[in-house]
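Structure first, then comments.
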Amino acid sequence: MTETADSRSRIERYDPTTIEPRWQDRWSSLRLYETDLHDTSRPKYYLLTMYPYPSGDLHIGHWYIKTPTDALARYRRMHGDNVFYPIGFDAFGLPAENAAIKNGGHPFTWTMANIENMRRQLRSMGATFAWESEVVTADPSYYRWNQWMFLRFLEQGLAYRAKSPVDWCPNDGTLAREQVEGTDRRCWRCGALVEKRDLDQWYLRTTAYAEELLDFSQIDWPEPVRIMQTNWIGRSEGAELDFTTAASDHHPGGDILRVFTTRPDTLFGATFMVLAPEHPLVPALAAPDRRAEVDAYIEQARRRTEIDRLSTDRDKTGVAIGADAINPVNGERIPIFIADYVLSGYGTGAIMAVPAHDERDFAFARAFGLQIRRVVATPDTTADAPMESAYVAHAEDERLVNSGPFDGMPADEGGRAIVAKLAETGAAEPKVTYRLRDWLISRQRYWGTPIPVVYCDTDGIVPVRDEDLPVRLPETVDYKGSGSNPLDHDEAFLKAACPRCGGPARRETDTMDTFIDSSWYWFRYLSPDKADGPVERTLADSWTPVDQYTGGAEHAVMHLLYSRFFTKAMRDCGLIGDDEPFRRLFNQGQILGADGERMSKSRGNVQDPDELVQRYGADTVRLFLMFMGPWDQGGPWSPTGIGGVHRFLNRVWTLSLDPHGREAGDPDAGRLPDGESAEDATKALRAAAHRTLRDVTDDYEAFHFNTMIAKLMELTNTLFRYRGTPVAGGAAWSEAIHMLLLMLAPAAPHITEELWSRRPAADGWPWTSIHAESWPAVDEAATTQSVREVPVQVNGKLRDRIEVSADADPATVEAAALASPKITALLAGRTPDRVIHAGGKLVNIVVRDA
RNA sequence: GCCGAAGUGGCGGAAUGGCAGACGCGGCGGUCUCAAACACCGCUGAGGGCAACCUCGUGUGGGUUCGAAUCCCACCUUCGGUACCA
């Protein structure tokens, strides 16, 4: 037998299927990852990953989300932090009900089976979750506190009841947006035409915090998320102005019509008024001969989605209602329209239309042949110049025109003057409005937290007493084959005694939006079993805000804004002291199916992680998911390339266990590269290891896991060049291998633990887990080099590279660059006009064209 | 529609004002082997040239700069959100 064949058979094969379960058991029996929340000797680090929804579509996407976060938890522990890394399940929601309606059974059964499967998978990943802190939101011990906090919000005036329209199917009741299909808006289940129905529903007063929610000064969040939330809240400064209705044959007039405008300076340009079709004054104002057309338009508008209504692409529609309004500033009579581009929920549900200075009003005026009157002009336009489009820009030198006594004023000043003038008679006031709406939390569904109030004939709406919480969901559910709320016909649930008078009362059957559950769950992780309140205040004070939150960008606005709102509302109820929930946020991307669509069973594009784990082991799958690309990017799933990552782990295995083996196919095996001395080689090994450590540390901190792994691969390639040479197995070699294992440990915890445990006994150390080791320190001296290469450009094009000593000053570098034969030839005797030294990294020689 | 993001070799991607294509996949060539697989070593953006080397090249069109994948303007395409999916 040859030596190479011998060396190959000398070590055992890397077999993740035996290594991984063994270490998972060992870690769990050592209770390595339970967090002592009362330990204050180390800095705390609360690491939170968005808890999963236990859908039936278990797929690789769940691993993609959790794996890097687990690596981060391990990385922080190696820095000495007391890491709290909990997990739970967002267990209420629509898919469980859909499954129950379709297949029979109870949403609880379906959900719990999915949770059990998910727990198993998350364990097989080798993730270090603090399982004893687990929270399942569908458990009465959790949702009880949703109810309790709802009652506190009610006391604080933060919860209230109001009417609002829902999409309604006659067979299936209320529908979610994605349950309404097609442009003719039909029910996804039964195909019936969807109508709007006004229901009394519960709201939380998010708008009370609009101003505070615009302040991001206490948190370090990605800019796109801050921008999206800011735009979502949509603060506008302007004024409310009172128009009045004009007398006409069918109407005495004199009603106040309040509008909101951001441009009071353009009031003289208001040539018509537009009300939302839902505006309460419309029925009274509509002229008898217009009534049929108005009613038809209202009906049509109610069937449109908001996205559709706000589309600026669509041709403007509307109807004149046959009544006029009086402009408060000049007494002018202008016609009133209804149009669906005005929404009842924003501002006052009525606008003054100024076609000359608003694009939507301009389009509407064009479509209906209405007057367009310029009231703002720049020096190069005249007051009467015809307009081809609305003028909305703001210029320094613009002045009001056609505006009576306000002519000639700068627009801003004129606007303030107009508001001040009207304010004298109470017809105007400066006003800030927000696009943000209060949070509608009522859901006409079974599988959610019951809203804890009852309706009593004598006492009206009465909150359930704290001591009667939780209001439990009934254990049996009868969907009667439809999507309508089963609680509505569950007599045992409905029947209640009024907490105030003891008389007969009917229970509220609406349940809460599941976003309530996810708006405070990280507080509950700290004391999941606490029976006398939602949050253990002392633990919350020491552990929250969360240090790092990770989750998908699809939650950039709603979940994250609701969580910020809830934190502030809980603070104002005296439950906690935080102003913000999450100090740092990272949005990872989303793994799609190979077809580029979201993974789901129904699309048949689901990649099951179990298959991959069986074939390659969890470490390979973890590493591959981190190596695929930047974590904030995501993209379509493709297993192409997973073999390369597996090969990398095999190479780490070989290097660790068999440093003296030689590469069978390498003609240079066993020889130092390029006639390097042993001393050179030692230096090169140390330089490679410590530079890698410096870069890898930066990459972990910045969540650049793909390049982190690439750098570990490079180090592995370097080490392979020295395998079998005289330096292999020496001190520098061993140091490099130790560093490689430590750097890789957070990402590939099993193989590194195994190799760590097999270090030669000569090291003389008792076994300790690699995951309890400290992160290594960079030896700066080892990373320095004596020469550096400087690229030389001529007019920005790379023409040569020169080698200079590492400490060469710019003058020396420049002289060397100009002395290079290639450069001299290119310059052909011309003198450089400029020579640019880019921070010592590069030299650019600029010569004018000959 | 509106708000946010992305677009680079055959593929995933690296480089965020300074050497385009790190690292990996795939492909090609080689070594090892009785052979295959595995493993290992090397080459691999396009075009031209015997070669040294030259030209082109980061969605499209313009601009700023000594220098642009990177910054600015306009557009195209794809993805996320759009308030009852979570």
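Just so it is clear, the structure is predicted and the values come from calculations on it, not from any experiment. A note on names: the letters A, B, ... follow the listed sequences, proteins ahead of strands, and every chain is numbered from 1.
- The nearest whole Å value for the distance from the CG atom in A:N795 to the C1' atom in B:rU65 is 13 Å.
- Neither side chain, A:W221 nor A:Q229, offers a donor N or O lying under 3.5 Å from an acceptor on the other.
- Applying the 3.5 Å distance criterion, the base of B:rC84 shares a donor-acceptor pair with the side chain of A:Q201.
- Proximity of A:N587 to the phosphate of B:rG80: no side-chain N or O atom is located under 4.0 Å from OP1 or OP2.
- Comparing B:rA83, B:rC40, B:rG80 by their nearest atom to the side chain of A:R651 picks out B:rC40.
- When distances run from any side-chain atom of A:R445 to the nucleotides B:rG18, B:rC66, B:rC84, the shortest one goes to B:rC84.
- Taking atom P in both B:rC11 and B:rG26, one finds a spacing of 15 Å when rounded to whole Å.
- B:rG26: Watson-Crick or G-U partner is B:rU44, with both key distances under 3.5 Å.
- With B:rG12, B:rC66, B:rC84 as the candidates, the nucleotide lying closest to the side chain of A:F627 is B:rG12.
- For A:Y562 and B:rU82, the OH to P distance is 9 Å, given to the nearest whole Å.
- For A:Q633, a side-chain nitrogen or oxygen approaches OP1 or OP2 of B:rG13 to under 4.0 Å.
- Seen from the ring of A:Y203, A:R437 does not count as a face-on cation partner, given the 6.0 Å and 45° thresholds.
- Residue contacts for A:D632: at a heavy-atom cut-off of 4.0 Å it reaches no nucleic acid atom on any strand shown.
- For B:rG24, the glycosidic angle deviates from 0 by more than 90°, giving an anti base.
- Nucleotide B:rG61 forms a pair with B:rC73, judged by Watson-Crick or G-U wobble geometry with both contacts under 3.5 Å.
- By the 6.0 Å and 45° rule, A:R435 does not stack over the aromatic ring of A:Y346.
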